[in-house]
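Structure first, then comments.
By convention in this document, chain letters (A, B, ...) are assigned in the order of the sequence lines, proteins followed by strands, and residues within each chain are numbered from 1. All heavy atoms count here, side chains included; hydrogens, waters and symmetry mates do not. Remember, predicted model here, so these are calculated numbers, not experimental data.
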2 protein chains.
Amino acid sequence: MASTRPAVDKRRLILDAAVRVFARQGFHTCRVSDIADEAGVAYGLVYHYFQSKDEVLDTLFLERWGVMIEAILEIDRREIPAREKLQAIASFIVDSYRHDPDLMKVIIVEVTRAANSFGAAHIGEINRAYRLIEGIVEQAQASGEFRRGISPAFAAMAFYGAIEQVLTGWIFGVVDEDVDGYDRAKDYIVETICGGLQQR
Amino acid sequence: MASTRPAVDKRRLILDAAVRVFARQGFHTCRVSDIADEAGVAYGLVYHYFQSKDEVLDTLFLERWGVMIEAILEIDRREIPAREKLQAIASFIVDSYRHDPDLMKVIIVEVTRAANSFGAAHIGEINRAYRLIEGIVEQAQASGEFRRGISPAFAAMAFYGAIEQVLTGWIFGVVDEDVDGYDRAKDYIVETICGGLQQR
DNA sequence: GCGAGGGTTGACTCGTCAGTCAACTTCGAG
DNA sequence: CTCGAAGTTGACTGACGAGTCAACCCTCGC
């Protein structure tokens, strides 16, 4: 019963507190002391576990983005139509938001879309996700499931951009998030990107 | 010949310099003195024309966003199919980027997608644009040009999100911007959103 | 040529905050 | 019980940068 680890993982406590603080105030406008206060630990402890304020956000991003990349890879391995793969990816991302809106808000607002600071630093990781989606579209075009003539790279951007925009709508609070709203959103996104808006 | 105005409009000079500085360094990481240096004016002059650093960015955003809203309104007045309206809007936004990439970068990165700072402040203006696009989709669904079953609000987000994502690709420098790249991009976006990826 | 008002200057103030560090506490091993 | 290492504390420092302000310079009307 005597565990060699401390009862509570303070490092985790700090990371979780940072998510809430970054989501509430934004990375640039919050102070490190806000994170420490929120976590209920001393100021200095943040610097015991992390080299800098930046490293806290880096850690949060890399942790979560890694999980997402893994999920996309797993989905891509399945033997299902491309449309269902895209549906599964949209589902995963929307569910990530449903499960932890603060974390997704931080990742999107402070990293994925921050061209001058963290976005530039993690551009490689971000691109890996795009390219995986691109690959799915490419293969579907080769197999005849998707029509040719639309660049897979642009299709991937349109798809991912549509998802992020919907999340942004929730983040900004301009779209209501009722109970079934999340599942409807997934369907609308996939239906728009795969099926198109036009009458057929 | 004797103009009552000074030969050069220093206020304009400051705004234009701010665009370059914000684009290069980001709003939070640049100093007011960087703007003054870039404009070739004294530090204090920035505060002669603007109440605060924030007001400089607010001004840039409101100026440009107003022009865009006007453009969308004008396009919406035309008697053309919805698809062509969307094409014209995509065209306008992409051309805005082509004409002044720095300004568009600043508006997207620092305002449109900044949920905690300027985005929240200008949420009303940002929403006006979404709702205009939403209206176009709604009308097209009523007229039978677009199929029903996709929420116009989500369609608008998907459309606008796709555009912003492509611009973001250019901003991050992950998509090459060759001469005809801009026009191809417009077509891909509209073709994806209106026609869909799937084989028909 | 003189005075007034707007335009322009940049040194300075003053608050803020990331990061440091020396001291204290906890706990397990011997 | 004792020692040491790891975990934890928070007061302090040093840099930095937004915003102020008093003085300076034009130019134009009289």
| Is any side-chain heavy atom of A:Glu164 less than 4.5 Å from a side-chain heavy atom of A:Arg113? | yes

| query | Less than 4.5 Å apart, any side-chain heavy atom of A:Asp54 and any of A:Phe118? | reply | yes

| said: What is the separation between atom CG on B:Leu45 and atom C1' on D:dA23, rounded to the nearest whole Å? | reply: 15 Å

| said: Please compare A:Thr29 and B:Tyr43 by the position of their nearest nucleotide in DNA chain C and report the one closer to 5'. | reply: B:Tyr43

| message | Over 60° means perpendicular and under 30° means parallel, so tell me whether A:Phe154 and B:Tyr188 are parallel, tilted or perpendicular. | response | tilted

| request: Indicate the ring-plane relationship of B:Phe61 and B:His122, choosing parallel, tilted or perpendicular according to the 30° and 60° boundaries. | output: tilted

| note | When rounded to whole Å, the OH to C1' distance for the pair A:Tyr47 and D:dT9 reads 15 Å

| said: Rounded to whole Å, please give me the gap between CG in B:Leu57 and P in D:dA18. | reply: 13 Å

| task | Measure up the B:His28 and A:His28 rings against each other and bin them: parallel (under 30°), tilted (30 to 60°), perpendicular (over 60°). | result | parallel

| Is A:His48 near enough to D:dG7 that one of its side-chain N or O atoms lies under 4.0 angstrom from OP1 or OP2? | yes

| request: Can you figure out which of C:dG7, D:dT8, C:dA18 approaches the side chain of A:Lys53 most closely? | output: C:dA18

| message | Please determine whether a side-chain nitrogen or oxygen atom of A:Lys10 lies at a distance below 4.0 Å from atom OP1 or OP2 of D:dT8. | response | yes

| task | Could you state the atom-to-atom distance from CG of B:Leu13 to P of C:dG7 in whole Å? | result | 15 Å

| task | Could you tell me the separation between the CD1 atom of B:Ile35 and the C1' atom of D:dA18, rounded to a whole number of Å? | result | 11 Å

| Spacing of B:Phe50 atom CZ relative to D:dA18 atom C1', expressed in whole Å | 16 Å

| said: Just the rounded figure in Å: distance from C1' of C:dC17 to CD of A:Gln25. | reply: 13 Å

| note | Side-chain contact check for B:Ala42: nearest option of C:dG19, D:dT8, C:dG10 is C:dG10

| remark: Between CZ of A:Arg31 and P of D:dA15 the distance, given in whole Å, is 22 Å

| task | Go through C:dG7, C:dG19, D:dG7 for me and flag the one nearest to the A:Tyr49 side chain. | result | D:dG7

